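For clarity, every value in this text was computed on a predicted model and none was experimentally measured. For this chain, numbers begin at 1 and follow the sequence in order.
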Amino acid sequence: MEYQAVTPDDIARTDGLEDWSVIDGPAIIAEFIAADYLGGADLARTFAALADEHQHHPDMELRYPGRLRVLLTTHDTGGLSNHDVAMARRFTAAARDAGASVSAN
């Protein structure tokens, strides 16, 4: 997949990214809530495997009792790209499959 830059406005208009917010950097961020701390760790491992598979790695922060904050940006472009959009969609789908919910940003 070739990197194509996207803007914060593009993100806001893109279906499937309702759980993600644009922050300065620019980057997109979402917080997923698992049933417990181990569920959050399992979700982080799932995300890490997806990231390795697609060669696009997020920053992740796991907090008690099972909150997993995920930040995506494309360092090669210095901002947001189509890779961030694709990974955000994959992460959201994986979180839903795992029974996690999304925190309001």
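Between Ala34 and Gly39 the shortest heavy-atom distance is CB-C, 3.4 Å. Between Ala94 and Thr46, the shortest heavy-atom contact is CB-CG2, 4.1 Å. Among all heavy-atom pairs drawn from Pro58 and Leu72, the shortest one is CB-CD2, 3.7 Å.
Residues that satisfy the side-chain contact (heavy atoms from CB on, under 4.5 Å) test with Asp76, not counting sequence neighbours, are Tyr3, Thr74. Residues forming a salt bridge (Lys or Arg N to Asp or Glu O under 4.0 Å) with Arg96 (at least two apart in sequence, or on another chain): Asp19. Here Thr92 pairs with Trp20 under the side-chain hydrogen bond (donor to acceptor under 3.5 Å, both in side chains) rule; sequence neighbours left out. For Ala95, the side-chain contact (heavy atoms from CB on, under 4.5 Å) criterion is met by Phe32, Leu43, Phe47, Ala100, not counting sequence neighbours. Under the rule for a side-chain contact (heavy atoms from CB on, under 4.5 Å), the partners of Glu61 that lie at least two apart in sequence or sit in another chain are Arg63, Arg69. In this view, Asp59 and Leu71 satisfy the side-chain contact (heavy atoms from CB on, under 4.5 Å) rule, not counting sequence neighbours.
With hydrogens and angles ignored, the 3.5 Å screen pairs a side-chain donor or acceptor of Thr73 with a backbone N or O of Gly79. Listed for the Asp84 side chain is no donor-acceptor partner under 3.5 Å among the backbone atoms of Ala27. Checked by atom type and distance alone, the side chain of Glu18 pairs as donor or acceptor with a backbone atom of Gly16 at under 3.5 Å.
Within the structure, ring-ring contact (aromatic ring centres under 6.0 Å, His included) contacts touching residues 49-76 (residues at least two apart or in different chains) are His56-His83. Judged as a salt bridge (charged side-chain N to carboxylate O under 4.0 Å, His left out), the pairs with a partner in residues 3-16 (not counting sequence neighbours) are, in order, Asp10-Arg13. Within the structure, salt bridge (charged side-chain N to carboxylate O under 4.0 Å, His left out) contacts touching residues 35-52 (residues at least two apart or in different chains) do not occur.
Side chains of Ser103 and Arg67 form a contact here, defined as non-hydrogen atoms less than 4.5 Å apart.
When each of Ile29, Thr7, Ile11, Leu17 is paired with Val22, the side chain to side chain contact (heavy atoms under 4.5 Å, CB included) condition holds for Ile11 and for no other.
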